[in-house]
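What follows is a short report on a single structure.
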Amino acid sequence: MTPTKPHVRSKRDDDLVLELGNRWAVFGGGSAEDIFVTFGWTEAQYFERLKVLAGRRFPPLDDTLRHRLLAVCTERLQRTAHPPSSASKGHVDDSESRLTPR
């Protein structure tokens, strides 16, 4: 039996994470579906990785973008950790308001 190798992140993976983050930052980050289709990761996994990459001080990110990405990561990670309840999403139980046949 051959042991499986652990997944090693490549620079290309990191570049794709930053590219998606940059493209969607002004919209609050990419959708959960886009993240999963592109990386096979949950939102939390993606935004944790983006947070690490954006927190590094290397030339591809200017400070404005870095701060925007970190703010998006913080907000999305908080949202995934504490999803809003159905009541705060504007869900209304309309079972009593439905007309019933006489």
Side-chain angles (χ1 to χ4, degrees):
M1 182 183 278
T2 312
T4 58
K5 294 181 182 179
H7 177 73
V8 177
R9 285 192 171 91
S10 69
K11 179 169 176 2
R12 174 145 170 72
D13 289 342
D14 290 348
D15 290 345
L16 289 173
V17 169
L18 287 169
E19 181 183 315
L20 185 79
N22 184 23
R23 188 173 346 132
W24 288 97
V26 297
F27 304 107
S31 71
E33 294 90 26
D34 287 338
I35 292 166
F36 185 77
V37 168
T38 304
F39 300 102
W41 300 344
T42 65
E43 280 181 273
Q45 290 171 315
Y46 171 78
F47 286 104
E48 284 291 344
R49 184 65 188 152
L50 181 58
K51 184 177 173 182
V52 167
L53 295 173
R56 292 181 180 167
R57 297 272 178 210
F58 56 91
L61 296 179
D62 65 34
D63 284 337
T64 302
L65 178 58
R66 181 182 329 282
H67 292 298
R68 181 181 296 146
L69 290 175
L70 290 171
V72 167
C73 290
T74 299
E75 196 259 318
R76 290 291 291 270
L77 287 168
Q78 187 173 24
R79 214 184 321 162
T80 60
H82 305 288
S85 68
S86 60
S88 65
K89 287 183 182 177
H91 175 75
V92 176
D93 182 7
D94 64 350
S95 58
E96 291 183 29
S97 65
R98 291 189 187 125
L99 296 177
T100 56
R102 293 182 191 213

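All residue numbers in this chain count up from 1 along the given sequence. Below, each value reflects all heavy atoms present in this structure, side chains not excepted, and no hydrogens, waters or symmetry copies.
- Salt bridge status for K11 with D14: absent, with no side-chain N to carboxylate O gap under 4.0 Å.
- A heavy-atom distance below 4.5 Å is found between the side chains of V17 and W41.
- Between K51 and L70 the shortest heavy-atom distance is O-CD2, 3.7 Å.
- The backbone N or O of F36 sits nowhere less than 3.5 Å from a side-chain atom of Y46 that would complete a donor-acceptor pair.
- Judged purely by atom type and a 3.5 angstrom limit, R68 has no side-chain atom pairing as donor or acceptor with the backbone of N22.
- Applying the 6.0 Å contact sphere to CZ of F39 captures more than 12 heavy atoms from other residues, nucleotides or ligands.
- Two different hydrophobic clusters hold I35 and V52 under the rule that ILVMFWY side chains link at heavy-atom gaps under 4.5 Å.
- No chain of hydrophobic side-chain contacts below 4.5 Å, direct or via other Ile, Leu, Val, Met, Phe, Trp or Tyr residues, connects F27 to V37.
- Closest of all the heavy-atom pairs between T38 and D34 is OG1-O, 2.8 Å.
- One finds the CD atom of E48 at 11.5 Å from the CG atom of L53 (value rounded to the nearest 0.5 Å).
- For the atom pair F47 CZ and L69 CG, the distance stands at 9.5 Å (nearest 0.5 Å).
- For the atom pair OG1 (T80) and CD (E75), the distance works out to 9.5 Å, reported to the nearest 0.5 Å.
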